[in-house]
2 protein chains.
Amino acid sequence: MSTSPTSSPVTIRDVARAAGVHVSTVSRALSPEKRSLISDEVLRVVEEAAQRLGYRPNRAASALRTGRTHTIGVLVPDITNAVFPPILQGIEASAAARGYFVFVTNVVDPTLARPVLERMLAQRVDGVILATATRDDPLVDFVVKAGLTTVLVNRADETGRLPAVVSDDRLAMKLAVDHLVGLGHKRIAHLAGPQNIPTGVGRSLGVEQALRDHRMKPFRVVECASYSREAGAAAMKQMLAAGAAPQAVVCCNDLVALGAYDALREAGLRVPQDISVTGHNDMPLVDMVDPPLTTIRLPHRELGWRSAEMLFAEIDGAAMSASTVVLRPELVVRKSTRAPAAR
Amino acid sequence: MSTSPTSSPVTIRDVARAAGVHVSTVSRALSPEKRSLISDEVLRVVEEAAQRLGYRPNRAASALRTGRTHTIGVLVPDITNAVFPPILQGIEASAAARGYFVFVTNVVDPTLARPVLERMLAQRVDGVILATATRDDPLVDFVVKAGLTTVLVNRADETGRLPAVVSDDRLAMKLAVDHLVGLGHKRIAHLAGPQNIPTGVGRSLGVEQALRDHRMKPFRVVECASYSREAGAAAMKQMLAAGAAPQAVVCCNDLVALGAYDALREAGLRVPQDISVTGHNDMPLVDMVDPPLTTIRLPHRELGWRSAEMLFAEIDGAAMSASTVVLRPELVVRKSTRAPAAR
DNA sequence: ATGAAAGCGCTAACAC
DNA sequence: GTGTTAGCGCTTTCAT
């Protein structure tokens, strides 16, 4: 029976007056933790009054008093990149379940992250989740010094000072390599990610290790300037220019793989007849491209969810002692890979 | 020379003491509007002290005092849907430029929107942007009654009570239809969007009108249950079951078009040889599917940016009197459309 | 079980 | 140009 939700200058005092009790009683009655201290009768009256007046506790006031804003911040490098929305979704779901709100910021330029964090500090967020950390990120230093509760997602902290939730990049690449080797490929190349980003080096290491397990070495490796289609195309082009084409190429991510498609097509090479390609992420629609991409699926939403859960645990005082949670990726075989042509 | 950004219990009082002035002087000195009232000398001293101590104004306190939180909320139905991230990006860019933060909430179930708004009201957001409004949305009523500054994006308010920023759905469909007619198609069908969503009806109207302009009528129309690939496939299947296949089908959105691809392929029909297909949105990767989709491109980022700008104008007191801004979409021709086969 | 009172950090009248 | 004062709405001792 919520009445007219008109503009609400109704304060706790109004409720107290209406209920004929003191404001502190109202405060207690409306607090889940303290309501046990109040008699059933008063509880009823207060709740009725609050309801009737359309009372909405002013969070700013409560934040000022308690120092807790029920607010967290998230920094993502590019919300337009399909891996981040599911992560955000996971974070937001966890936050909403606790009555928290999430400030989402799109930090295009890494140097702009610092001022954003400054503003978040001013807003007194209860914690932040960083999806932006590069290797040796000064931001890690900053949040640690500032005493800001922080969790990393999708990118771990190599210095081990911050808890993180990541996917197992090494395993991911091993799945791809094993699949290719199983198909009979010998000359397996790698389109590597930027080596200043944790996932970039992790995946490169994974490829090398997996190949080594088969007593093989990367046929050729080219580093991409970024996780983008353009960078992938450029890198593939460069690889092709370097000599004989590989039989298969393991890409650091889907976008790069699609860029490789572009370059390969331009060079008159067919996927998978002439060359097999694998991606990483299983972005939406990669099952519809031509040919459907064999790739690695990540539990993106869970990555977000878990990171938020860790953050809230820390906010609630459970020192996580910088643990890193590693989630398992899985191989999704489609049409971009097949056995190499007989020679 | 910002010193150790340690946990900051440093208040305006500490700065005042360090600078040897009164707190109100500090407040003024640090406020862009009021700093002109302060002597250069004092200004210098205060700024130096603030800097040195690592002072960060407590926004919660300021919000309590002024009633302004420098915070806005955004409700999106599905952040995972590729149209929304660019919109969010536009909103966030506009907000960041003003020192505002954005609460992003993913409202899966429309019935959950109300409690989310209640919480936003409690947080005292300065305004909200709704990307979720359905037709005759009770939410519109709610925010109007609550006196919450609101702008709609991507979906207009038919009752005209709220300002909105939308893309021209009628024009979009006209572009698609004209293209198809120009190619020589006669039997043009429509896979319509949910008719309880403004864009759904807008686009349907657009198709009908455009066809009428050519003295034609829709060859067949099926409404999709949602803007999804599955719904598109189901609708296309249903259409096919209804009798002779159309020569071309105009889809309400890209996902639906891709669903149509699925159903068509299953039915042994080739795109575009047997049937032409158009989409709407120009999602990432639809240029890489097989065949590359002819579609309508929207200025998504600008949609977001403009809506935020309108919201801030209203927050700053410029009554926008519920104006609706309509942005122009554009046709992107790819490989899913061609002239009908000679019979 | 409830009331009284203080104060979180800031801003805005209002003095001077 | 700067200081004084009051108070935003809430929570939390401390009494009773």
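Naming convention: chains lettered A, B, ... in sequence-line order (proteins, then strands); numbering from 1 in each chain. Heavy-atom basis, side chains included; hydrogens, waters and symmetry copies ignored.
For A:R68, the CZ atom is densely surrounded, since the number of other residues' heavy atoms within 6.0 Å is greater than 12.
Taking B:T69 as the reference, B:A63, B:T71, B:R124, B:D126 meet the side-chain contact (heavy atoms from CB on, under 4.5 Å) condition, with sequence neighbours excluded. Applying the salt bridge (Lys or Arg N to Asp or Glu O under 4.0 Å) criterion to A:D109, with sequence neighbours excluded, gives no partner residue. Taking A:E41 as the reference, A:R44 meet the salt bridge (Lys or Arg N to Asp or Glu O under 4.0 Å) condition, with sequence neighbours excluded. For the salt bridge (Lys or Arg N to Asp or Glu O under 4.0 Å) test, residues two or more places apart in sequence or in another chain that qualify with A:R306 are A:E302. Shown here are the side-chain hydrogen bond (donor to acceptor under 3.5 Å, both in side chains) partners of B:S94, two or more places apart in sequence or in another chain: B:E309. Considering only residues two or more places apart in sequence or on other chains, B:T199 meets the side-chain hydrogen bond (donor to acceptor under 3.5 Å, both in side chains) condition with B:Y227.
Rotation axes derived from the C1' atoms of the five outermost pairs at either end of the helix from C:dA1-D:dT16 to C:dC16-D:dG1 lie 30° apart, to the nearest 10°.
Applying the side chain to side chain donor-acceptor pair (under 3.5 Å) test to residues at least two apart or on different chains, the pairs with a partner in residues 146-157 of chain A are A:D157-A:T159. Residue pairs meeting the ring pair (Phe, Tyr, Trp, His ring centres under 6.0 Å) criterion with at least one partner in residues 101-132 of chain A, sequence neighbours excluded, are A:F101-B:F103, A:F103-B:F101, A:F103-B:F103. For residues 59-87 of chain A, every residue pair satisfying the ring pair (Phe, Tyr, Trp, His ring centres under 6.0 Å) rule, not counting sequence neighbours, is listed here: A:H70-A:Y100.
If you walk DNA chain D from 5' to 3' and mark each nucleotide with an atom closer than 4.0 Å to a heavy atom of chain B, the marks span D:dG1 to D:dG9.
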**Request:** If a protein heavy atom is under 4.0 Å from the base, mark B; if only from the sugar-phosphate, S; if neither, -; do that for nucleotides 8-14 of chain C going 5' to 3'.
**Result:** BBBBBB-
